[in-house]
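First the structure, in the form of structure tokens, and then the observations on it.
Source: prediction; values computed, not measured. The chains referred to below are lettered A, B, ... by the order of the sequence lines, with proteins before strands, and numbering in each begins at 1. Both backbone and side-chain heavy atoms feed into the values below; hydrogens, waters and symmetry mates do not.
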Amino acid sequence: MKIATFNINGIKARLPRLIEWLEETRPAVACLQEIKSQDDGFPVADFEAIGYTAIWHGQKAFNGVAILADKRAGYEIAEVRRGLGIDGLKDGEGEQARYLEADVNGVRIACLYLPNGNPHPGPKFDYKLAWMERLRERMAEIWAEEVPAVVLGDFNVIPEDDDVWSVKAMADDALMQPESRAAYARFLNDGWTDALRTHNPRGGVWTYWDYQAGAWQRDHGFRIDHILLSPECADRLESAGVDKAHRGREKASDHAPVWVRLR
DNA sequence: ATGCCCGGTAGAACCGGA
């Protein structure tokens with residue numbers, strides 16, 4: 001069972017590339033972030049046409065998450081929850097569309113797009129940390145249900161120094177502040193397994209390359225898209241990887257897809 | 001020291017991203 005996460009950076013702009021990736025790699029489950037689409041603009045018919053079913057949670061212009069499943073291969077989605085129950089950054093703002101949870105053929109899937117948190121320090125960084133604490137609470141609830149679970153998406157955290165091409169260049173970024181890393185480490189201390197790290201213990205694997213300053217051509221990237229596994233799923237982990245070549249195609253997202261294969 | 005490039009939305013000497 002192949003389960004993937006992909007920050008697509010705009011579903012309208014990315015649709016041809018996204019369809020192409022689904023047909024080439026055919027994941028059982030694909031979690032998408034930054035669809036940047038309102039609910040009624042989600043191109044569900046394009047996914048159904050290639051045998052996928054979908055649920056989605058969007059908002060205007062920013063954020064937005066979706067879960068796709070390969071219906072042709074027999075996978076079905078049962079939505080469990082949308083949103084973590086945490087208000088937006090501004091007073092009176094509703095919840096941002098950053099979290100969607102579902103069961104797919106007996107596996108709990110939690111698809112998330114964690115706040116970036118820049119600039120640091122400041123209210124946006126505080127919001128990021130609050131969001132991470134709320135996520136940790138929800139992960140504890142999932143853990144207590146004792147279902148096989150995969151928590152995956154764009155965490156906007158560079159966990160270790162060997163997860164970034166240059167520590168110096170990114171030192172002041174919210175993605176690798178000690179507080180961000182400590183919050184991420186708490187997920188692992190709670191017992192969740194970082195699948196990509198398990199398969200690449202020495203680091204050096206990137207999932208994001210900036211559009212600017214020739215970052216892709218110079219391989220100036222870092223790892224912020226993560227797949228966390230409950231113990232039952234970790235025992236079934238067969239392989240994990242990044243579809244790096246997709247970052248180099250025309251009209252690509254600035255993130256590459258990340259995936260695991262579970263027995 | 002700053003911006004580089006994108007997408008979305010608005011029609012910006014825009015914003016947010018990471």
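When heavy atoms are screened at a 4.0 angstrom cut-off, A/N63 is found touching no nucleic acid atom at all. Residue contacts for A/K128: at a heavy-atom cut-off of 4.0 Å it reaches no nucleic acid atom on any strand shown. Here A/N156 lies in heavy-atom contact (under 4.0 Å) with sugar-phosphate atoms only. Backbone-only engagement by A/H255 is indicated by non-hydrogen atom pairs under 4.0 Å involving sugar-phosphate atoms exclusively. Contacts of A/N9 with the nucleic acid, taken as non-hydrogen atoms under 4.0 Å apart, involve only primed sugar atoms and P, OP1 or OP2. When heavy atoms are screened at a 4.0 angstrom cut-off, A/A213 is found touching base atoms of the nucleic acid. At the heavy-atom level, A/D154 lies under 4.0 Å from the strands shown only through sugar-phosphate atoms. Among the atoms of the strands shown, none is found under 4.0 Å from any heavy atom of A/F155.
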Dot-bracket encoding per residue of DNA chain B, Watson-Crick/G-U cut-off under 3.5 Å, | denoting interstrand: ....((((.....)))).
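Residues passing the side-chain hydrogen bond (donor to acceptor under 3.5 Å, both in side chains) test with A/R247, sequence neighbours excluded: none. Remark: A/D173 pairs with A/N118, A/M170, A/L175 by the side chain to side chain contact (heavy atoms under 4.5 Å, CB included) rule, at least two apart or across chains. A search for side-chain hydrogen bond (donor to acceptor under 3.5 Å, both in side chains) contacts involving A/E250 returns nothing, not counting sequence neighbours.
For the P atoms, the distance from B/dA12 to B/dG17 is 23 Å, rounded to whole Å. As rounded to the nearest Å, B/dA18 and B/dG8 have P atoms that lie 14 Å from one another. If you take atom C1' in B/dC14 and the same atom in B/dT9, they sit 9 Å apart, rounded to whole Å. One C1' atom belongs to B/dG3, the other to B/dA13, and the distance between them is 15 Å to the nearest Å. For the P atoms, the distance from B/dG16 to B/dA1 is 24 Å, rounded to whole Å. Remark: the separation of the P atoms in B/dA10 and B/dC6 is 23 Å, to the nearest Å.
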For residues 55-62 of chain A, dump all side-chain donor-acceptor pairs below 3.5 Å to protein atoms at least two apart in sequence or in another chain.
{"unit_1": "A/W56", "atom_1": "NE1", "unit_2": "A/D39", "atom_2": "O", "d": "3.0"}
{"unit_1": "A/Q59", "atom_1": "OE1", "unit_2": "A/N63", "atom_2": "ND2", "d": "3.2"}
{"unit_1": "A/Q59", "atom_1": "OE1", "unit_2": "A/A97", "atom_2": "N", "d": "2.7"}

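Between the side chains of A/K36 and A/N9, at least one donor-acceptor pair of N or O atoms lies under 3.5 Å. A side-chain N or O of A/D194 and one of A/Y184 form a donor-acceptor pair less than 3.5 Å apart. In the model, A/W259 has a side-chain atom that pairs as donor or acceptor with a side-chain atom of A/D243 under 3.5 Å.
Because its glycosidic torsion is more than 90° from 0, B/dA10 is reported here as anti.
DNA chain B is contacted by both A/F222 and A/Y211; A/Y211 maps to the nucleotide lying nearer its 5′ end (nearest heavy atom per residue). Along DNA chain B, the nucleotide nearest A/Q212 and the nucleotide nearest A/Q38 are compared for position; the residue whose nucleotide lies closer to the 5' end is A/Q212.
The nearest pair of heavy atoms linking A/D235 to A/R263 is O-NH2, 3.2 Å. Contact record, A/A174 with A/F125: CB-CD1, 3.7 Å, taken as the closest heavy-atom pair.
Checked by atom type and distance alone, the side chain of A/Y208 never pairs as donor or acceptor with a backbone atom of A/D225 at under 3.5 Å.
Nucleotides of DNA chain B lying under 4.0 Å from heavy atoms of chain A occupy a range whose first and last members, 5' to 3', are B/dC4 to B/dA18.
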